[in-house]
Number of protein chains: 2
Amino acid sequence: MEVEQAFGKILRKIRMENSLSQEELAYICGLDRTYISLMERGKRKPTINTIFELAKGLDERPSDLISLTEELFNLNVD
Amino acid sequence: MEVEQAFGKILRKIRMENSLSQEELAYICGLDRTYISLMERGKRKPTINTIFELAKGLDERPSDLISLTEELFNLNVD
DNA sequence: CTGTAGACTAGGGTCGACG
DNA sequence: CCGTCGACCCTAGTCTACA
């Protein structure tokens with residue numbers, strides 16, 4: 001399990017908790033829908049600015065997103 | 001004040017608290033020294049993986065790095 | 001609504017050298 | 001020990017289109 005894969009899972013989880021489609025989240029954050037798709041599947045590594053944009057769109061603190069990513073990442077250290 | 005500039009300041013602060021040179025931190029993290037320099041001056045936006053590497057090398061939680069960046073970023077919202 | 005694919009541009013990250 | 005410069009490669013992120 002890589003960092004970006006853990007982040008992708010957290011991203012999808014929180015997006016769905018907010019009842020947003022990838023399209024809607026992309027629009028709010030000023031990003032591309034296909035890129036949200038790539039991130040959620042752990043195929044892309046967002047920059048710090050993108051992380052802050054996503055957090056804003058999801059009504060979360062960036063540090064909370066990272067904190068959750070960290071926990072998931074540290075679980076499967078295989 | 002942009003996100004990457006806030007991050008740069010936090011990065012330099014914590015690096016110096018750990019009494020590390022840019023060279024030493026770069027070596028520990030497997031990054032380039034000139035790139036540490038660029039980040040500290042807010043000229044580059046690291047990816048999530050790079051943030052995790054830096055945190056590891058600085059003996060900090062990635063979420064703590066981001067949390068501090070957040071606070072500094074929210075101070076000057078000019 | 002989402003995954004994927006291909007083609008593209010901008011910028012992340014490396015490296016050697018010098019002040 | 002650090003800032004900078006120039007050259008380089010790779011990938012972040014966009015866009016169109018189709019299943």
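Predicted model, so just to flag it, every value in this text is computed and none were measured.
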Donor-acceptor contact present, side-chain R33(A) to main-chain A26(A), <3.5 Å: no
E2(B) CD - dG11(C) P separation (whole Å): 13 Å
hbond_proxy R33(B) side chain to dG16(C) base (donor-acceptor, 3.5 Å cutoff): no
Check: T34(A)/S37(A) side-chain N/O donor and acceptor closer than 3.5 Å: no
Atom-pair distance (CG on N49(B); C1' on dT11(D)), nearest Å: 12 Å
Rounded distance (Å) that lies between atom P of dG12(C) and atom NZ of K45(B): 6 Å
Interatomic distance, I51(A) CD1 vs dA12(D) P [rounded to whole Å]: 12 Å
Donor-acceptor contact below 3.5 Å, side chain N74(A) vs main chain E70(A): yes
Contact check, side chains of I51(B) and I66(A), non-hydrogen atoms, under 4.5 Å: no
Closest-nucleotide ordering on DNA chain D, the 5'-leading residue of P46(A) and K43(B): K43(B)
Any donor-acceptor pair under 3.5 Å from T50(A) side chain to P46(A) backbone: no
Pair E4(B) + K43(B): basic N to acidic O under 4.0 Å: no
T34(B) side-chain N/O to dC15(C) phosphate OP1/OP2 under 4.0 Å: no
Touch class at under 4.0 angstrom, heavy-atom based, for T50(B) against every strand present: sugar-phosphate
Residue-level proximity of residues 12-29 of chain A to DNA chain D when a heavy atom falls under 4.0 Å: none
Separation between CG of L25(A) and CD1 of I36(A), rounded to the nearest 0.5 Å: 4.5 Å
Sugar-phosphate, base or nothing in reach of L38(B), heavy atoms under 4.0 Å: nothing
Set of residues satisfying side chain to side chain donor-acceptor pair (under 3.5 Å) with respect to E24(B), sequence neighbours excluded: S21(B)
Of residues 55-62 of chain B, the positions that come close to DNA chain D - non-hydrogen atoms, cut-off under 4.0 Å: none
Separation of atom CD1 in I48(B) from atom P in dG12(C), rounded to whole Å: 16 Å
Length of the line joining I36(B):CD1 and dC2(D):P, which is rounded to integer Å: 10 Å
Minimum-distance nucleotide to S37(A) side chain [options: dG3(D), dG13(D), dG3(C)]: dG3(C)
Any donor-acceptor N/O pair, R44(B) side chain to L38(B) backbone, under 3.5 Å: no
Separation of dG12(C) P from E53(B) CD (nearest whole Å): 18 Å
Value in whole Å for how far the P atom of dG6(C) lies from OH of Y35(A): 19 Å
